[in-house]
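Along the sequence shown, the residues carry numbers beginning at 1.
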Amino acid sequence: RYNIPIGLHANLSEGSPVCEVLKTNSSLLNQDGFFHGKMGFRTALSKGLLNMSEVKQELKAQVELFHELTGHLPPHMDGHQHIHVLPEVRHIFAEVLEEYGITYTRVPVEPGLHNCDWIPPSLMDFYLGVEEDSFNTVDVFTRHGIRWPDIYIGLSTMGKNMSVSNIWSAIDTAIMEFLSKAPSPAQLTPQSRTVTIELMVHPGYPSVPPVGGCGEGPDDFSQSWERLHELQTLIKPELQSHYKTRNIQLCSFKDL
């Protein structure tokens, strides 16, 4: 309706499959007939219980449904709860993207994450696991010709931790780290002077059960006030003026 430039957030961990033949008797489902969940998926994967051909089947079904609903393929595709960078899955995910000619994805390695002392230890452990998986995924995505922005931000600024100052601090930290590793100015081309940043956000309104979710109702974060807090923060005029002052242009993946 509004021509919002959307991509596909592939889901293998929450709710029900899109692929009809996987809705029953699939390694991707738990005993209740739903996906295994954020940690359950990782446990099943580590035990070798997931059939990778079914993973591919489901990912392709989601791309096809996206195409059916929008009339075009997604210009970018990543994974709900970062499932796309997990061992084994990363290879299947890369094959699907290459097969459909989907150019961009997300590699969730956030500069400065280790210094964010406001993140609870249990959540930090999960984030650091995602970071390790992401480092191990870079070569796989590169081999398949898949690209991603220069910088990823979003774990340190999520939910209640989102504020204009936190977003700004995360951007500054990330750019400083990126430029410290960049080639010397003499080696830079005009194109390479543009730094691309993905800011992961979850703006929205709290879901009220049973509405929402992917087949088994909304999760805790979907029901939380934190989504509305993100929305209210992201539309603050002071954040928009910050972007203009620093010559930051908001764009979509298809503009890259």
Checklist entry - Looking only at heavy atoms, what is the nearest atom pair of Pro87 and Asp133, with distance? => result CD-OD1, 3.8 Å

Next on the checklist: Would the distance check show the side chain of His202 and the main-chain N or O of Glu230 forming a donor-acceptor pair, the cut-off being under 3.5 Å?
Outcome noted: no

Checklist entry - Taking the side chain from Ser241 and the backbone from Glu238, do they hold a donor-acceptor pair closer than 3.5 Å? => result yes

Next on the checklist: Can you tell me if Tyr205 has over 12 outside heavy atoms packed within less than 6.0 Å of its OH?
Outcome noted: no

Next on the checklist: More than 12 heavy atoms of other residues, nucleotides or ligands under 6.0 Å from CD of Glu132: yes or no?
Outcome noted: no

Next on the checklist: Between His76 and Arg147, is there a side-chain heavy-atom distance shorter than 4.5 Å?
Outcome noted: no

Checklist outcome for this item: Exactly one candidate in Glu64, His67, Lys60 meets side-chain hydrogen bond (donor to acceptor under 3.5 Å, both in side chains) with Tyr100; the answer is Glu64

Item to check | Verify same cluster id: Ile153, Ile119 (apolar side-chain graph, 4.5 Å) | outcome: no

Next on the checklist: Counting only heavy atoms from other residues, nucleotides and ligands, does the tally under 6.0 Å from CG of Asp255 exceed 12?
Outcome noted: yes

Checklist entry - Can you check whether Phe35's main-chain N or O pairs, donor with acceptor, with Glu14's side chain at less than 3.5 Å? => result no

Item to check | Taking every non-hydrogen atom, the tightest pair across Ala170 and Glu110 | outcome: CB-OE2, 4.5 Å

Checklist outcome for this item: When rounded to the nearest 0.5 Å, the distance separating CD1 of Ile92 from CD of Gln57 is 11.5 Å

Checklist entry - Given the rule that I, L, V, M, F, W and Y join up when any side-chain heavy atoms are under 4.5 Å apart, are Val21 and Leu29 in one cluster? => result yes

Checklist entry - Checking side chain to side chain contact (heavy atoms under 4.5 Å, CB included) for the pair His82/Leu155: CA distance, chi angles, key distance, verdict? => result CA-CA 11 Å; His82 312 292; Leu155 299 174; 4.0 Å; yes

Checklist entry - Does one hydrophobic cluster hold both Leu49 and Leu12, with members joined at side-chain heavy-atom distances below 4.5 Å? => result no

Item to check | Check: Met124 and Leu113 side chains under 4.5 Å, non-hydrogen atoms | outcome: yes

Checklist entry - Is the closest side-chain heavy-atom distance between Leu256 and Pro75 below 4.5 Å? => result no

Checklist entry - What pair of heavy atoms forms the shortest contact from Val130 to Pro108, and how long is it? => result CG1-CG, 3.6 Å

Checklist entry - So do the side chains of Asn136 and Arg90 get within less than 4.5 Å of each other, counting heavy atoms only? => result yes

Item to check | Polar contact flag, side-chain donor to acceptor under 3.5 angstrom, Asn166-Ser169 | outcome: no

Checklist entry - Would you say Glu54's side chain and Ser27's backbone share a donor-acceptor pair under 3.5 angstrom? => result yes

Checklist entry - With a 4.5 Å limit on heavy-atom distance, are the side chains of Trp168 and Tyr243 in contact? => result yes

Checklist entry - Is there a donor in the side chain of Ser122 and an acceptor in the side chain of Asp125, or the other way round, less than 3.5 Å apart? => result no

Next on the checklist: I'd like to know if the side chain of Thr196 pairs up with that of Asp150 as donor and acceptor (distance under 3.5 Å, no hydrogens or angles considered).
Outcome noted: yes

Checklist entry - Hey, is CG on Asp32 packed in by over 12 heavy atoms from elsewhere, all under 6.0 Å? => result yes

Checklist entry - Do Phe178 and Val138 sit in the same hydrophobic cluster, where Ile, Leu, Val, Met, Phe, Trp and Tyr count as joined when their side-chain heavy atoms come under 4.5 Å apart? => result no

Checklist entry - Does Phe41 reach the side chain of His80, with side-chain heavy atoms less than 4.5 Å apart? => result no

Next on the checklist: Do Ile6 and Phe66 make a side-chain contact, defined as non-hydrogen atoms from C-beta onward lying under 4.5 Å apart?
Outcome noted: yes

Checklist entry - Out of curiosity, Thr103 OG1 to His144 NE2, how far, rounded to the nearest 0.5 Å? => result 14.5 Å

Next on the checklist: Determine whether a donor-acceptor pair (N or O, by modelled atom type, separation under 3.5 Å) exists between the side chain of Asn247 and the backbone of Gln249.
Outcome noted: no

Next on the checklist: Taking salt bridge (charged side-chain N to carboxylate O under 4.0 Å, His left out) as the definition, give me every residue that meets it alongside Glu177, ordered by chain and number, with sequence neighbours left out.
Outcome noted: Lys181

Checklist entry - What's the spacing between Tyr152 OH and Leu199 CG if we round to 0.5 Å? => result 9.0 Å

Checklist entry - Ignoring hydrogens and geometry, is there a side-chain-to-backbone donor-acceptor pair from Gln62 to Asn11 under 3.5 Å? => result yes

Item to check | Gap separating the CD1 atom of Ile102 from the CG atom of Leu73, nearest 0.5 angstrom | outcome: 6.0 Å

Item to check | Passing candidate, side chain to side chain contact (heavy atoms under 4.5 Å, CB included) with Phe253, options Pro149, Pro5, Pro74 | outcome: Pro149

Item to check | Residue pair Ser207 / Pro218: nearest heavy atoms and the distance that separates them | outcome: CB-CB, 3.7 Å

Item to check | Cluster link Ile167 to Tyr127, ILVMFWY, side chain under 4.5 Å | outcome: no

Checklist entry - Which heavy atom of Glu95 sits nearest a heavy atom of Lys56, and at what distance? => result OE1-NZ, 3.1 Å

Checklist entry - Looking at OG of Ser134 and CG of Leu128, how far apart are the two atoms once the value is rounded to the nearest 0.5 Å? => result 11.0 Å

Next on the checklist: Can you confirm whether Met176 is buried at CE, in the sense that more than 12 heavy atoms of other residues, nucleotides or ligands lie under 6.0 Å from that atom?
Outcome noted: no

Checklist outcome for this item: CD1 (Ile146) and OG1 (Thr105) are apart, to the nearest 0.5 Å, by 6.5 Å

Checklist outcome for this item: Scanning both residues in full, the closest heavy-atom pair of Ser222 with Arg227 reads CA-NE, 3.3 Å

Next on the checklist: Are Arg42 and Leu86 packed together at the side-chain level, in the sense that at least one heavy-atom pair is separated by less than 4.5 angstrom?
Outcome noted: yes

Checklist entry - Do any N or O atoms from the side chain of His84 and from the backbone of Arg106 form a donor-acceptor pair under 3.5 angstrom? => result yes

Item to check | Lys23 atom NZ, neighbour heavy-atom count above 12 within 6.0 Å | outcome: yes

